[in-house]
Amino acid sequence: MATIKKQYPFDVIESKWHHIWEENKTFHAWNPGEKKIPHHPFWKRHNVKTDTLPPKYYILDMFPYPSGAGLHVGHPEGYTATDILARYHRAKGFNVLHPMGWDAFGLPAEQYAVKTGQHPRITTETNINTFRKQIKALGFSYDWDREVNTTDPQYFKWTQWIFLKIYNSWFNPETNRAEPISTLTYPPELQSEEQKRIYRDNKRLAYVAEAPVNWCPALGTVLSNEEVIDGKSEVGGFPVIRKPMRQWMLRITAYADRLLKDLDLLEWSHSLKEMQTNWIGRSEGAEVTFIADTERKEKIIVFTTRADTLFGATYMVLAPEHKLIDQITPSTWPEGTPDEWKGSTDSGIITPPQTPKEAIEAYRSYAAGKSDLERTELSKTKTGVFTGAYAINPVNGKRIPIWIADYVLSTYGTGAIMAVPAHDSRDLEFAQKFNLPIIHVVQPPDGSDPTGFLGDGISINSGFLSGKKTPEAKKTIIDWLQATQQGHRTINYKLRDWLFSRQRYWGEPFPIIWKNNHHEAISEDQLPLLPPEMPDYKPTQSGEPPLARAADWVNLPNGYVRETNTMPQWAGSCWYYLRYIDANNKDTFCSNKAENYWMGTTPKATVPGIDLYVGGTEHAVLHLLYARFWHKILFDLGFVSTPEPFHKLVNQGLILGEDSQKMSKSRGNVVNPDDVIREYGADAFRLYEMFMGPLEMVKPWNTKGVEGVYRFLGRVWRLFISKESLTELDQNLTLDLSKAPELVAQLKLNPAIQNISPNPVQLKTIHSTIKKVTDDLENLRFNTAISALMVFVNDAITWEIKPAVVMLDFLKLLQPLAPHITEELAEKLIPFMNLEYNGTISYLSWPQYDEKYLAEETFEYPVQVNGKLRDKIKLPISATQEEVKTAVLSSERIKATIADKTIKKIIIVPRRIVNIAIN
RNA sequence: GCCGGUGUGGCGGAAUUGGUAGACGCACGGGACUUAAAAUCCCGAGUCCUUCAAAAGACGUAUCGGUUCGAGUCCGAUCACCGGUACCA
């Protein structure tokens, strides 16, 4: 294979600057109170004598899970965007915090360990080293002194510590915030310490519950709702079933309201806010109490958003798991066979004749046996069974049958509904299948058929509600229910508490011990609690965590045993952005002083928090919800100063393969960044990823496009370096490649670059470029910023003499995007200009543009006739409307177009356009 | 189904508050340099029609309609694609 001639020696340049940046800690971020280093370029720029730091800019990437596959081209997309902004803000004079770390607990390392017996710590370490090397090859300006790793005991010590804070807190509904458990007051009827303990444990933000959970047999662990997608595990796509298990839960539902409302404080995309809003799923409505017409008169409470349709409730449905089902079984069964009272389903599972009780049991076990996946797939056909019992509709005293059906979910609302088949599509389908009555109670405004009408209309057949509009009817009926103590206004959320324990080896152990079937916290001085060393990490079929096999670790003196579940992967990522702020603090997870500085406001952001967070959409309802939740607890407890962590957030769009398909090994369309960097260099790679299109957009990879920006960098190189010295270099390199660094250092500046004052055309060119690039970077429009830089180069390349001041400004503009080539060129240019050179371009101040250089003397008016362009007329910028009009009307072209038609109107927009309306 | 987003040349994409549609780049065609190629440099180019050529013209931002002197941009309807969600009462 013939090697193509390089556009410029990017490999030599890039490794040279990586070493310089690393050795000088060029991108160190300065904490308040930290010792200053006067010779550091940051302090050469800023006043070393002052006590206050410059304004901060905290720009964060979603840290990666270091998988065995290494970096793919999707990772550097967001990382490049943030790096550009980090460098831009350094030039603007900010103290920039731009950190990187590893979200390293997780399933793949553990699965690899199960297969090979290699400790996940080893795998993780290897993968991290690969990732770090790959990321460093891209020249990102991270402060590597703040690198965090969630699996490092010095890190997860604080994850466990935060868990203890959560464990030792409760949510006070009166203050609407978390408080230490010590502020909890107990109802007077609780006498014994044991009763109080149970009460207290049920109030904690971290609590243990026996509940049906998402159990994934293939992974051997339970999963949170957020980790289950279409009935399958998010990781691996294995089937998930519901299984009752004793698990740790975090009370995220207590924060549902604040998590929803505080979205208003954030500068996030509309669609992302929408996703969180939908996931939290707030709905306003009422709880209504129905009384079962049985011996014991059980209360059946339902939740509804349409209390106004109460008169149309013709039956009730309980979820198969509903607790009342056993109790409401009537003492005597109705006459006839189950078939006659429709106690069968179409599924063939219950076949009459059999006793009603058996029918119910059969249906319940049928429903229980369905996996989540099956429930989703079978959702089209309704199944159910009549209980034989009836309830009284509180609004009209009518007896309505109580059914059991799995289209009612035990986990939402009260697990029971009033069915209004006329105005609910699911109830309608069910009623039609089982021949239940349908009563119209809402008249559509357009007078159409009310059956299946779901919107707002006018109440009919509804007693005292009849004639009222839906919103008013809702209010009236709920007021009535409250007055008669048969119901009340309430709000329901789809969000459920966060299932927080996992049956895995490779996660943070809970700092919890058990005795006599109750739990307590271990003391903080015992943190970090390390997991035991174990010969094998296999999950078990039963759901018993692997840690349980480590008997020496589990069994403690005095009859105590350790909690053997571990925390989910999300735990570490819930607070890593706080650790970056004070990454090496041994005494606390993050000092107040540092937190106040880095999470405060800046001239850029008037709302406190991280100035910009960039990452993929895949975390829209997982990490981003969990982290906000933890942050709010820490806020309530006084450990952080802001109610929200991520003030501004941008999702980068997916990069597709060259075939416009999602990159995947099976399609064979995966692009490896290492290959691209080897061929074209990191600067070209960075530039291309930003040039492809808007950051948020999904876009396909095109290697030819990399060549395009690579050629651009070659033009930049030749713009600055003398042709003769390049030829010399080429000739020498054919003899001895090892001399490359030395020869590159000796390259001479292009003699066309001179220390002379720029002419007005050159001033205009550079100032309009400064304006455009600055404006584009502020608005994250990297693609158009690059295009503006290309326009400049296309222009400057034609200049016979290139003023050095203009060329330096250009390098400053290109620097955030292509840092290596600009460092190299600045190193040659700055001494040539007899300016002081501090060893890097990174802290040179960002160029300012001056409008006075942009002013035009003439403007070429496009002249339209009836909106169609007919002529262009160049006029002085000062031309008055009258002058413009005269000039336009004397144009031969315009005269010809108008011909004998009459002019209705002439619109003149100064310095923009002229349009003549004729008929 | 519901919610959100996006539709512009052969391709990725530009286009301030409604004001010259197609910047910049890719691919393509032509030329210069070269023994030749690569690299580089210069020129061309939305589509159609007419023409030896040029000029001019017509049509063009998913489709249909509307508002306006003027619409890629605003409004209404439709279609397609992408993402989220799914018996949430």
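Here is the naming used below: chain letters follow the sequence lines, and residue numbers restart at 1 for every chain.
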Show the distances under 3.5 angstrom between N or O atoms of the protein and N or O atoms of nucleotides 1-9 of chain B.
from: B:C3; atom 1: O2'; to: A:Glu274; atom 2: OE2; distance (Å): 3.0

Set out, line by line, the N/O atom pairs under 3.5 Å between protein and nucleotides 68-74 of chain B.
from: B:C69; atom 1: OP1; to: A:Lys905; atom 2: NZ; distance (Å): 3.4
from: B:C69; atom 1: O2'; to: A:Asn915; atom 2: ND2; distance (Å): 3.2
from: B:C69; atom 1: O2; to: A:Asn915; atom 2: ND2; distance (Å): 2.6
from: B:G70; atom 1: O4'; to: A:Asn915; atom 2: ND2; distance (Å): 3.2

Interface polar pairs with nucleotides 62-66 of chain B, N/O, under 3.5 angstrom:
none

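The side-chain hydrogen bond (donor to acceptor under 3.5 Å, both in side chains) search around A:Tyr412 returns A:Ser283, not counting sequence neighbours. Looking at residues two or more places apart in sequence or on another chain, you find a salt bridge (charged side-chain N to carboxylate O under 4.0 Å, His left out) between A:Lys772 and A:Asp776. Partners of A:Asp456 by salt bridge (charged side-chain N to carboxylate O under 4.0 Å, His left out), not counting sequence neighbours: none found. A:Asp427 meets the salt bridge (charged side-chain N to carboxylate O under 4.0 Å, His left out) test with no other residue; sequence neighbours excluded. Taking A:Glu696 as the reference, nothing meets the salt bridge (charged side-chain N to carboxylate O under 4.0 Å, His left out) condition, with sequence neighbours excluded.
Taking the side chain as every heavy atom from C-beta outward, A:Tyr688 and A:Asp683 never approach each other to under 4.5 Å.
Within the structure, the salt bridge (charged side-chain N to carboxylate O under 4.0 Å, His left out) test picks out the following pairs touching residues 859-873 of chain A (sequence neighbours left out): A:Asp871-A:Arg893.
Contacts between residues 413-423 of chain A and RNA chain B, defined by a heavy-atom separation under 4.0 Å, are made by A:Ile417. Contacts between residues 773-790 of chain A and RNA chain B, defined by a heavy-atom separation under 4.0 Å, are made by A:Asn783, A:Thr784, A:Ser787, A:Met790.
The nucleotide whose nearest atom lies closest to any side-chain atom of A:Asp424 is, among B:U17, B:G13, B:A89, B:A89. Comparing B:A86, B:A89, B:C41 by their closest approach to the side chain of A:Arg718 singles out B:C41.
Taking the six-membered ring for Trp and the full ring otherwise, the centers of A:Phe782 and A:Phe691 sit at least 6.0 Å from each other. A ring-centre distance under 6.0 Å is found for A:Phe430 and A:Tyr315.
Across all strands shown, A:Lys494 has heavy atoms under 4.0 Å from base atoms, whether or not it also approaches the sugar-phosphate.
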Each base of RNA chain B marked ( ) or [ ] if paired in-strand (Watson-Crick or G-U under 3.5 Å), | if paired to another strand and . if unpaired gives (((((((..(((......[....))).(((((.......))))).(((........)))..(((((..]....))))))))))))....

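A:Phe10 and A:Tyr710 have perpendicular rings, their planes meeting at more than 60° on a 0 to 90° scale where under 30° would count as parallel.
Ion pairing of A:Glu287 with A:Arg489 is absent here, as no side-chain N (NZ or NE/NH1/NH2) approaches a carboxylate O to less than 4.0 Å.
Taking the centre and axis of the six-membered ring of A:Trp717, the NZ or CZ atom of A:Arg711 falls outside the cone set by 45° and 6.0 Å.
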